[in-house]
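Throughout, protein chains are lettered first and strands after them, A, B, ... in sequence-line order, and every chain is numbered starting at 1.
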Amino acid sequence: MSNVPAATDGAATAPADPAAEPERYDPLAIEPPIAERWARERTYSLPEELRRNAPAEADAPYYALTMFPYPSGDLHMGHAEIFTIHDALVRHLRMTGHRVLNPIGWDAFGLPAENAARNRGADPKAWTYANIEEQRSTIQRLGYSFDWDTVLYTCDPAYYAWTQWLFLELFGAGLAYRREALVNWDPVDQTVLANEQVVDGRGERSGAIVERVPRTQWFFRITDYADELLDGLDAIDWPDRVKNAQRAWIGRSEGAEITFPTADGQDEVLVYTTRPDTIFGATYFVFAPEHPIVTRRMAGDADYDAFLAEVSRRSDVERQAGKTGYRLPFEVTNPFTGEDIPAFAADYVLMEYGTGAIMAVPIADQRDFDFARQHDLEIRPIIRPTAEDGQLLDELDPATMTEAYLGDGVMVNSGDYDGLAWPEAKARIIADVETKGWGTAKVNYRLRDWLVSRQRSWGPPIPIIHCASCGEVPVPLEDLPVELPDDLDFQVQGSPLDQHPTWKYDVACPSCGDEDATRDVDTLDTFVDSSWYFLRFLSPTDTEQAWPVEAAGGWLPVEQYTGGVEHAVLHLLYSRFVVKAMRDRGHVAADEPFQALLNQGQVIMDGASMSKSKGNLVVPGEVYETYGADALRATMLFASAPEDDIDWADVSPTGIHKWLSRIWRLTLEQIARETDGGPAIDADAAATLDRAVAGAIVGASEDYEARKYNTAIAKLMTLTNAVLDATRQGQGGPSVRSALDHLLTLLAPVAPFLTEELWSRLGNEGSVHDQPWPQADTALLVDDEVELIVQVNGKLRGRITVSAGADQAAAEAAARADDAVARHLDGDVVKVVHVPDKLLNFVVKG
RNA sequence: GCCGAGGUGGCCCAACUGGCAGAGGCGGUGCCCUUAAAAGGCAUGCAGGUGUGGGUUCGAAUCCCACCCUCGGCACCA
């Protein structure tokens, strides 16, 4: 980088008149010109050849990524926090010798733009880009050192052409398919949703209670990767809570599928159970209400139709409140007992999980227990509880039980299996089931396929053409992107794209040429856009390929990903799936997209989340327009460790501003002394200060490595105080200058503007951000003498000074010579504990 | 209900593999500067033993057990 002149004209205008007011720290004056220069000169861009090719080891390549923002408006405090953490990380990495790939873009498709169009008549594209422009300007004003050469927008046809390509790749691999299923319908947003987007029975965005409706929709076959998605978690460095959330979401369970014949011999029903050992306790049988055997057998039954209608109207919340059941007019035979047991249709059994039918064991399953109590069904004890040591406990008495028994025990009333502990019984029964041909061992997952189609219009059109004779035909690659029309009417009820007068008809079947073929009118979920954007950053303008495969091999996985925990099972799971699927198609070498993940905490206010309606909203603008970007950044980082929440009511930008002002003043005073030749601090003070510098380098470096920016800043404050102490009488000299140079270098990732300005005012070469990370002179930190604390029976009784590395004998002698200690050594000394250079503890008896 | 994180001075927040509890900040108080206020400067721990009860240990904020509270996440998945 070229030699940087003083970032403002401040240096040139610094007053030589000693009587004049000293120049005050004015971040609002010094920051904007530097920010503009970084933007103009693309200071933090990586050379294109480096990014488009596999990087060399010697470059110490590092892909640091922060979740790209959704442009719903200007940046909020959460954005400022995560970008600040990420930027401190990136700037520190650069100073420690890494070539950092640090891109930014916008997750620019999505419903808010469409809602703005519907409610205010805005053009979704114009609305989106206006918000992006506002965010970009704030991001640059705050000094975040992104690479502006690789900006991407997911709503740009140059981007979504490749989102559509990705869809077709998956379609070609059989990983994208269309089928009818019971799906989540959001009546407010007027679209279907993925399971991951439904929280507590409500749409994640709209908050509306979702309805379960049968619809033909597009899915990605993420369940093909369920096992790998689960096992892969062990190899990545993510917070446990995110891994656990994904494990729970994938929900692997081991059990068996067993066939139960109907008593009339007409049908065979497959059930899935994780507790085949409890089969002797199966006293009734339950089908999902929509189970095909039931709907076939009950066809034309008005009473049952009424039940079905009732059940499908119930929300999840209602379903959990009580279990609705319908006694079916046939029975099912338990293959192990030969008994015929009553059959029900009930909404607590889900068609979408397992086989849609269960054997009900009320003694050992809480839901079956509840249902049995409600419908007065037999609860048969087939397990006798045992204590931890295997000791038999009292037998269960169904008459008095209030809940199912889930603990350890041995089988009873279970034929040949009596007396076995249940894990053994489970293994034996599965083996016997297989031998007899009644079923097989089976692994099941809670994870469902990813529903990706949306009935919305501000998203990438699904690149499929429907033809009466050829079926679902992919749009030929040369015809990508399938572009959105720019004259959509957002006032219509339902999907604007579907109701566009010409768009879907203006196409012929690519296969047979049939003019009656139509385009698929659904768009892809925004989570599809964001499931691969980290790959596109390598070559965002490439028209030949989605990403350079070679380069992707070198840069992926992203070494450090930072972002919010709200994506634990959405974006973060989808991206993992996409990378694995693309890997299997030969497009990327990595197994995982993100090697390490850092989830920042929330920015809250007085213990509550901020919102306009609560009137406790703080926005970045009001902070940086008062105290500057550096103060905003330092406040965020100092407030807490990155993963902890920040309560804005507890933090003080004024305190940080005061500290930065102090650094400003100390540096300007030093510059004045160097100009005027003022006195130097004495040798003792210089030695003390040099030690403080070495200590700060060691401490701050460790903290930066561990990303504990709050304690790193605390150590820099300590160093500032040391400079203050040393210069109290107005002296300066080389040690003070060195301390300030080091302070600025160590502070650069946190406060990039102040440090850049002062670095150049001190007359240093280049940018402070291009300096190598300082190395401490650790010899300064080695003491000849150390203070040893002396305890008697663990209580502090004295302090003695001994030479460093003194052995126990020497330390003990010195300690006994100390009056304060000797006073407590009346009894018998039974033991002496010596921790070299730290502590001596006498254990005294009596 | 299950899983996870966490309870340390008035407040936020530190304390490496157990080893002097307090780094750093906020707030408070006093003084200086000022016509005054704000801003700034200087000084000062202001008093508490780490949520509760046990245990291990020479020694526990740190490890173990039980419990209480707070905050997140997941909850009919057979």
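Judged as a side chain to side chain donor-acceptor pair (under 3.5 Å), the pairs with a partner in residues 709-726 of chain A (not counting sequence neighbours) are, in order, A/Trp659-A/Thr720, A/Asp703-A/Thr711, A/Asp703-A/Lys715, A/Asp725-A/Arg728. A salt bridge (Lys or Arg N to Asp or Glu O under 4.0 Å) check over residues 274-288 of chain A, counting only residues at least two apart or in different chains, returns the pairs A/Arg275-A/Asp277.
The distance between atom CG of A/Asp26 and atom C1' of B/G40, rounded to the nearest whole Å, is 15 Å. Rounded to an integer number of Å, the gap from A/Leu406 CG to B/A78 P is 13 Å. Rounding to whole angstrom units, CG of residue A/Asp645 and P of B/C71 are separated by 12 Å. Atoms CG (A/Leu668) and P (B/G40) sit 17 Å apart, rounded to a whole Å. The interatomic distance linking A/Tyr272 (OH) with B/A78 (C1') rounds to 8 Å, in whole Å. Rounded to an integer number of Å, the gap from CD of A/Glu702 to C1' of B/A15 is 13 Å. Per the geometry, CZ belonging to A/Phe285 stands 11 Å off C1' belonging to B/A78, to the nearest Å. The distance between atom CG of A/Leu839 and atom P of B/U57, rounded to the nearest whole Å, is 18 Å.
With its glycosidic angle more than 90° from 0, B/G41 is assigned anti.
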- Message: So if I define the base as every atom that isn't primed, P, OP1 or OP2, how would nucleotides 23-34 of chain B read as a B/S/- string at a heavy-atom cutoff under 4.0 Å?
- Response: BBSS--------
- Task: Encode nucleotides 1-10 of chain B as B, S and - characters from 5' to 3', where the letter depends on protein heavy atoms closer than 4.0 Å: B to the base, S only to sugar-phosphate, - to neither.
- Result: ---S------
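When both pairing distances are held under 3.5 Å, B/U34 makes no Watson-Crick or G-U pair with any nucleotide shown. B/C26 is paired with B/G10 under the criterion used here, namely a Watson-Crick or G-U wobble arrangement in which both key atom distances are under 3.5 Å. Taking a pair to require two hydrogen-bonding distances under 3.5 Å in either a Watson-Crick or a G-U wobble arrangement, B/A60 remains unpaired. Of all nucleotides present, only B/A5 satisfies the Watson-Crick or G-U wobble test against B/U70, with each distance under 3.5 Å. For B/U17, there is no paired base (Watson-Crick or G-U wobble, both distances below 3.5 Å). Nucleotide B/A39 forms a pair with no other nucleotide shown, judged by Watson-Crick or G-U wobble geometry with both contacts under 3.5 Å. Across the strands present, B/G53 finds its partner in B/C65; the criterion is a Watson-Crick or G-U wobble pair with both atom distances under 3.5 angstrom.
Listed by chain and number, the residues in a side-chain contact (heavy atoms from CB on, under 4.5 Å) with A/Asn184 are A/Leu193, A/Asn195, A/Val198, A/Val210, A/Arg212 (sequence neighbours excluded). Remark: A/Arg241 pairs with A/Pro239, A/Val565, A/Asn599 by the side-chain contact (heavy atoms from CB on, under 4.5 Å) rule, at least two apart or across chains. Applying the side-chain contact (heavy atoms from CB on, under 4.5 Å) criterion to A/Ala706, with sequence neighbours excluded, gives A/Lys708. Partners of A/Thr688 according to the side chain to side chain donor-acceptor pair (under 3.5 Å) rule, which considers only residues two or more places apart in sequence or in another chain, do not exist here. Legend: residues meeting salt bridge (Lys or Arg N to Asp or Glu O under 4.0 Å) with A/Asp807, ordered by chain and number and at least two apart, are absent. Residues meeting the ring-ring contact (aromatic ring centres under 6.0 Å, His included) test with A/Phe219, sequence neighbours left out: A/Tyr177. A search for side chain to side chain donor-acceptor pair (under 3.5 Å) contacts involving A/Gln246 returns A/Arg576, not counting sequence neighbours.
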When you compare the protein's N or O atoms with those of nucleotides 43-47 of chain B, which come within less than 3.5 Å of each other, and at what distance?
{"unit_1": "B/A43", "atom_1": "OP1", "unit_2": "A/Arg728", "atom_2": "NH1", "d": "3.2"}

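Using a 4.0 Å heavy-atom distance criterion, A/Trp659 is classed as making no nucleic acid contact. Residue A/Gln791 is in base contact, counting any heavy-atom pair closer than 4.0 Å across all strands shown.
Take the nearest nucleotide of RNA chain B for A/Arg446 and for A/Gly354: the residue whose nucleotide is more 5' is A/Arg446.
Taking atom C1' on both B/A60 and B/A21, the two are 12 Å apart, rounded to the nearest angstrom. With both ends at atom C1', the span from B/U62 to B/G55 equals 15 Å, rounded to whole Å. A distance of about 23 Å separates the P atoms of B/G19 and B/G54, rounded to the whole Å. Taking atom P in both B/G53 and B/C68, one finds a spacing of 15 Å when rounded to whole Å. B/G27 and B/A38: their P atoms are spaced 13 Å apart (whole Å). Atom name P, nucleotides B/G45 and B/G40: the rounded distance is 22 Å, in whole Å. The P atoms of B/A43 and B/A23 are separated by 16 Å, rounded to the nearest whole Å. Only the P atoms considered, B/C3 is 38 Å distant from B/G22, to the nearest whole Å.
The listed nucleotides are B/C16, B/C58, B/A78; the one nearest the side chain of A/Lys831 is B/C58. Considering only the side chain of A/Ala641, B/A14 comes nearest among B/A78, B/A14, B/A39.
Residues A/Thr635 and A/Ser652 form no side-chain contact, since every pair of their non-hydrogen atoms from C-beta on lies 4.5 Å or further apart.
The pair A/Arg247-A/Asp240 fails the salt-bridge criterion, with no side-chain N (NZ, NE, NH1 or NH2) lying under 4.0 Å from an Asp/Glu carboxylate O. With respect to the salt-bridge test (charged N to carboxylate O, under 4.0 angstrom), the residues A/Arg707 and A/Glu705 do not qualify.
A distance below 6.0 Å separates the ring centres of A/Phe285 and A/Phe287.
Geometrically, A/Arg24 does not engage A/Trp664 in a cation-pi contact defined by less than 6.0 Å to the ring centre and at most 45° from the axis.
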